[in-house]
Protein chains: 2
Amino acid sequence: MHDAILNHIQKFIHLEPSEIDLLESCLSISQIKRKDHVLQEGQVCNTMYFIVKGCMRQYIINPRGTEQTLQFGVENWWITDYLSYHNHTQSHFYIQAVETSDVIAIEKSVLESILIQIPSLEKYFRIVAQKAFGAAQMRIKFLFTMSAEERYNHFKNQQPDFVQRVPQYMLASYLDFSAEFMSKIRAGKV
Amino acid sequence: MHDAILNHIQKFIHLEPSEIDLLESCLSISQIKRKDHVLQEGQVCNTMYFIVKGCMRQYIINPRGTEQTLQFGVENWWITDYLSYHNHTQSHFYIQAVETSDVIAIEKSVLESILIQIPSLEKYFRIVAQKAFGAAQMRIKFLFTMSAEERYNHFKNQQPDFVQRVPQYMLASYLDFSAEFMSKIRAGKV
DNA sequence: CTAAAAACTTGAACTACTTCAAGAAATACA
DNA sequence: TGTATTTCTTGAAGTAGTTCAAGTTTTTAG
């Protein structure tokens, strides 16, 4: 039933059979339809989402009214607004399904109780967060050092399948250039 | 002796007296002189640094040969390359003391053993990493949505003291514009 | 299957920055 | 304290991108 998340957790830590049972009993999968939101700007984020299947994104609406994607999440990724989650502050972000997706949504109160019952899960979430932060640092490096065309080519080389999977304008904003410029890069008109 | 780190840890979790003793016995403060490096590009990073006093930064050298600061760390912050740390891969970053700094350097092997002996520390490092990731997301948001001048003013409002504390060219690169443009912003010549 | 919505393309005009080069000012430390 | 080094400033020229607007193609969903 929850093989995806249990397998992911067990890549990083060992779980006892009793712990697996406990987890199973706390988790449930829900489907988020394409374009539906699980978080809107201004709300307090008190849920973490594990993506079992599909694709989600975190985005903002910039002062010109254009959406800009900050983060994509696919199978086996967690997505949430950690700052809003920890500080109980209003979120600056939207989190939306890019494709109709199956996610495991865990409320903060539920997760905190699970973490008390299965303390070894702390290590799992520590490693997940540390790796995510490391990836964010690399992302900033690429944004700082590469031209728009270099960022596109680099991304395409690293994630060739993913480029087909999301609308170009979302990927353009994730790579920090305009949808129009993406068109020109792809057409070789730069 | 290690009040700074013990106080910081105890903001997030409870420690037993015996655990405090154990930690005390494992930690030692070392001084990093201004401009000295604790990590160079190409090395594998297997140490985490807790800044007791001073200021460190993580930076890269871009293709034009200019340094670009990705991250500053001051008192009560951790600094490391988490990706290199977890994956045993060569680092893309330099980590350097901006001011002569007192740090607690914890080797991965030592930390792993401490985490086994004091499992509740997992929670501490989880929260630290989750907050750091949240802050990185906000940083990307600011880079995406604000002009150079807006980023400078925003940073100056949030961290008025820090602006005085580091060379302007380092702050300029952290905010992703050139040192020359920083000069013009400050002179009101934009 | 078809209408409506979403996504993509193109060119022209524009602009927020960068780069370069050289001098001035501030700071570190022998 | 003095000198070397580091940091900051300024203007001129250049450019990697944006914005706008309008048309075209593709995809979605009833």
Side-chain angles (χ1 to χ4, degrees), chain A residues 31-37 54-55 57 59 61-69 72 96-101 142-156 162-190, chain B residues 31-36 54-55 57 59 61-69 72 96-101 142-154 156 162-190:
Chain A
Q31 189 177 74
I32 315 294
K33 288 252 186 313
R34 181 170 172 275
K35 293 192 183 241
D36 276 1
H37 289 88
C55 178
R57 66 165 179 152
Y59 72 95
I61 298 183
N62 73 19
R64 266 175 247 94
T66 311
E67 295 173 2
Q68 288 192 269
T69 300
F72 288 109
Q96 181 194 48
V98 178
E99 306 165 354
T100 296
S101 301
F142 293 138
L143 289 170
F144 275 17
T145 58
M146 292 179 177
S147 70
E149 192 175 7
E150 286 168 342
R151 294 198 296 278
Y152 173 70
N153 287 324
H154 179 263
F155 190 91
K156 201 175 67 166
F162 191 75
V163 174
Q164 324 282 25
R165 195 166 165 184
V166 298
Q168 282 174 41
Y169 76 89
M170 282 188 197
L171 185 53
S173 73
Y174 177 78
L175 297 173
D176 199 23
F177 48 76
S178 67
E180 293 90 337
F181 199 64
M182 171 68 103
S183 234
K184 285 161 194 172
I185 289 172
R186 289 168 51 96
K189 294 184 179 172
V190 291
Chain B
Q31 189 178 73
I32 314 294
K33 289 250 186 311
R34 182 170 171 273
K35 293 193 182 243
D36 276 2
C55 178
R57 66 165 178 151
Y59 71 95
I61 298 183
N62 74 17
R64 269 175 244 93
T66 310
E67 296 172 0
Q68 288 192 270
T69 299
F72 288 109
Q96 181 194 47
V98 178
E99 308 164 354
T100 297
S101 302
F142 293 137
L143 289 170
F144 275 18
T145 57
M146 290 179 178
S147 71
E149 191 175 7
E150 287 168 341
R151 294 198 295 278
Y152 173 70
N153 287 325
H154 179 263
K156 201 174 67 165
F162 191 74
V163 174
Q164 324 283 23
R165 197 166 163 184
V166 298
Q168 281 175 41
Y169 74 90
M170 281 189 198
L171 185 53
S173 72
Y174 177 77
L175 297 173
D176 200 24
F177 48 77
S178 67
E180 294 90 338
F181 199 65
M182 171 69 100
S183 236
K184 286 162 194 172
I185 289 172
R186 288 167 51 96
K189 295 184 177 171
V190 289

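Naming: A, B, ... by sequence-line order, numbering from 1 per chain.
- Contact between the side-chain N/O atoms of Ser178(A) and the OP1/OP2 oxygens of dT18(D) is found at a separation under 4.0 Å.
- The interatomic distance linking Lys35(A) (NZ) with dT27(D) (P) rounds to 14 Å, in whole Å.
- With sequence neighbours excluded, no residue forms a salt bridge (charged side-chain N to carboxylate O under 4.0 Å, His left out) with Glu150(B).
- The distance from atom CZ of Arg186(A) to atom C1' of dT10(C) is 15 Å, rounded to the nearest whole Å.
- Ring geometry, His154(B) versus Phe142(B): the interplanar angle falls from 30° to 60°, so the pair is classed tilted.
- Looking at which nucleotide of DNA chain C each of Phe181(A) and Met146(B) is closest to, the 5′-most match is held by Phe181(A).
- The OH-P distance, from Tyr169(B) to dT5(D), rounds to 15 Å in whole Å.
- With dG17(D), dT10(C), dT19(D) as the candidates, the nucleotide lying closest to the side chain of Lys189(A) is dT10(C).
- Nearest-nucleotide mapping onto DNA chain D: of Arg34(A) and Asp176(A), the residue sitting toward the 5' end is Asp176(A).
- At a cut-off of 3.5 angstrom, the base of dG11(D) holds at least one donor-acceptor pair with the side chain of Lys184(B).
- Spacing between atom CE of Met170(A) and atom P of dA6(C) amounts to 11 Å, rounded to whole angstrom units.
- Regarding Glu150(A), its CD atom lies at a distance of 12 Å from the C1' atom of dA16(D), rounded to whole Å.
- Taking the six-membered ring where the residue is Trp, Phe72(A) and Tyr174(A) present tilted rings, their angle falling between 30° and 60°.
- Between the CD1 atom of Ile185(A) and the P atom of dT9(C) there is a distance of 12 Å, rounded to whole Å.
- Closest to the side chain of Gln168(A), out of dT18(C), dT7(D), dT9(C), is dT9(C).
- Leu143(A) contributes atom CG, which lies 10.5 Å from atom CZ of Phe177(A) (distance to the nearest 0.5 angstrom).
- Nucleic acid contact for Lys33(A): none, since no nucleic acid atom lies under 4.0 Å from a heavy atom of the residue.
- Note: CZ (Phe144(A)) to P (dT18(C)) measures 11 Å, nearest angstrom.
- Picking from dT19(C), dA21(D), dA7(C) the nucleotide with the shortest atom distance to the side chain of Glu180(B) gives dT19(C).
- In this structure, the CZ atom of Arg64(B) is 8 Å from the C1' atom of dT18(C), given to the nearest Å.
- Of the options Lys35(A), Arg34(A), Arg57(A), a side chain to side chain donor-acceptor pair (under 3.5 Å) to Gln96(A) is made by Arg57(A) and by none of the others.
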